[in-house]
S.K.: 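Following this message is one structure expressed as structure tokens.
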Amino acid sequence: MPFKSFKRLEIPDLLLIDHVLFPDSRGFFTELYKKSDFTGNGIPHDFVQVNLSYSRKGVVRGLHYQLKPMEQGKLVYVISGKVFDVAVDIRRGSKWFGRYVSVLLEPGLALWIPPGFAHGFQALEDTYFLYLVTKEYSPQHERCIKWDDQEIGIEWPLKEAVLSERDSKCPPLKSCETNF
Ligand SMILES: Cc1cn([C@H]2C[C@H](O)[C@@H](COP(=O)(O)OP(=O)(O)O[C@H]3O[C@@H](C)C(=O)[C@@H](O)[C@H]3O)O2)c(=O)[nH]c1=O
């Protein structure tokens, strides 16, 4: 039984996955991804790229998405550390458009974020962050939304946010290009 639960969040297309850890005197073992369990819970199996980032405490990455036809579903994990992870619904016509869901992610938890959401996180500790995506990176389809857009109103836990130059210049959601 490698997973304790697949839990639907306030926006039910987002799924929080709680892994079973097998601890012993050496440390622990866990299955991060298993095709049969994940597809059985509505998560696709066509991941085409695996990414790893390292962020120091306070770093904010986001809010990022790729436009169709290079839209990405993301299965995100914390390998070491802890993050405040955020997904914003940017599907026009969705009853949750502009709303966000946040979760605290640490080793043993994963979040499935389907296409049509912008994604970001703040590292609450120095963090290794690993994620699988369903379409390859495509800089020309990549877009970002202002991390502290007041209309979205994300309550970032750490006041000192460290951002990339690009992320400090993203437009608010109301002037972003979307095609979901
Ligand atoms: C995302 C990505 C970046 N890169 C390169 C581009 C750039 O030179 C360097 C750093 O890129 P970024 O600043 O975009 O990295 P980062 O800010 O970590 O971007 C990521 O943020 C999180 C929140 C997401 O959801 C991801 O999809 C992705 O957008 O890595 C790739 O080569 N492949 C990729 O898939």
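Indexing begins at 1, ligand by ligand and atom by atom, following the structure's order.
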S.K.: List the closest protein heavy-atom neighbour of atom 28 (C) of ligand 1: residue, atom name, distance to the nearest 0.1 Å.
M.R.: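 Going atom by atom, the protein heavy atom closest to atom 28 (C) of ligand 1 ends up being Y131 OH, 3.4 Å.
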
S.K.: In this structure, is the centre-to-centre distance between the rings of Y128 and Y54 below 6.0 Å?
M.R.: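 Ring-ring flag for Y54/Y128: true, centres closer than 6.0 Å.
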
S.K.: Does only the side chain of E136 get under 4.0 Å from ligand 1, or the backbone, or both, or neither? Count heavy atoms.
M.R.: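 It is neither part, as no heavy atom is under 4.0 Å.
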
S.K.: Under 4.0 Å from a heavy atom of R166: give me the atoms of ligand 1 that qualify, with their elements.
M.R.: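 Numbered from 1, ligand 1 contributes 14 (O).
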
S.K.: Is E151 salt-bridged to K146, going by a charged N under 4.0 Å from an acidic O?
M.R.: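 No, this pair does not count.
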
S.K.: Considering only heavy atoms of H119, which atoms of ligand 1 have at least one such atom less than 4.0 Å away?
M.R.: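 Listed by number with element, the hits are 22 (C), 23 (C), 24 (C), 25 (O).
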
S.K.: Would you please indicate yes or no on a ring centroid separation below 6.0 angstrom for Y77 and H19?
M.R.: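 They qualify: ring centres under 6.0 Å apart.
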
S.K.: Have a look at ligand 1 and work out which part of H64, if any, has a heavy atom under 4.0 Å from it: side chain, backbone, both or neither.
M.R.: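 Side chain only.
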
S.K.: Between the side chain of E160 and the main-chain N/O of V59, is any donor-acceptor distance below 3.5 Å?
M.R.: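 Flag not set: sc E160 to bb V59 has no pair under 3.5 Å.
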
S.K.: Is any heavy atom of the protein nearer than 4.0 Å to atom 3 (C) of ligand 1?
M.R.: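 Protein heavy atom within 4.0 Å of atom 3 (C) of ligand 1: present.
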
S.K.: Quick one: does Q49 get within less than 4.0 Å of ligand 1, heavy atoms only?
M.R.: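 Under 4.0 Å: yes for Q49.
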
S.K.: Find all atoms of ligand 1 within a distance of less than 4.0 Å from any non-hydrogen atom belonging to K74, and give their numbers and elements.
M.R.: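 Heavy-atom distances to K74 below 4.0 Å select 24 (C), 25 (O), 26 (C), 27 (O).
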
S.K.: Tell me which pairs pass disulfide bond (SG atoms under 2.5 Å apart) where either residue lies in residues 104-166, with sequence neighbours left out.
M.R.: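 Residue pairs passing disulfide bond (SG atoms under 2.5 Å apart), neighbours aside: C144-C170.
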
S.K.: When the ring centroid of Y33 is compared with that of F38, is the distance short of 6.0 Å?
M.R.: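 Yes - the distance between ring centres of Y33 and F38 falls below the 6.0 Å cut-off.
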
S.K.: Using a strict 4.0 Å threshold on nitrogen-to-oxygen distance, state whether D37 and K35 make a salt bridge.
M.R.: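 No, no charged N to carboxylate O under 4.0 Å.
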
S.K.: Where the side chain of N179 meets the backbone of K68, is there a donor-acceptor pair that is under 3.5 Å apart?
M.R.: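 Yes, because the side chain of N179 sits within donor-acceptor range (under 3.5 Å) of the backbone of K68.
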
S.K.: Report yes or no: does S175 contribute a side-chain atom to a donor-acceptor pair with the main-chain N or O of P171 at less than 3.5 Å?
M.R.: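 The answer is no, because no donor-acceptor pair under 3.5 Å joins these two groups.
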
S.K.: Below the 3.5 angstrom mark, is there an N/O of R61, backbone or side chain, next to an N/O of ligand 1?
M.R.: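 Yes, there is a polar N/O contact under 3.5 Å.
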
S.K.: Below 3.5 angstrom, do we get any N/O pair linking D167 and ligand 1?
M.R.: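 N/O-N/O distance below 3.5 Å does not exist for this pair.
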
S.K.: Closest non-hydrogen protein atom to atom 7 (C) of ligand 1, residue and atom name please, with distance?
M.R.: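 The protein heavy atom lying closest is Y137 OH, 4.6 Å.
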
S.K.: Within the structure, does at least one protein heavy atom fall under 4.0 Å of atom 32 (O) of ligand 1?
M.R.: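 Yes; the ligand atom in question has protein heavy-atom contact below 4.0 Å.
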
S.K.: For atom 9 (C) of ligand 1, state whether the nearest protein heavy atom is under 4.0 Å away.
M.R.: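 No, because not a single protein heavy atom sits under 4.0 Å from atom 9 (C) of ligand 1.
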
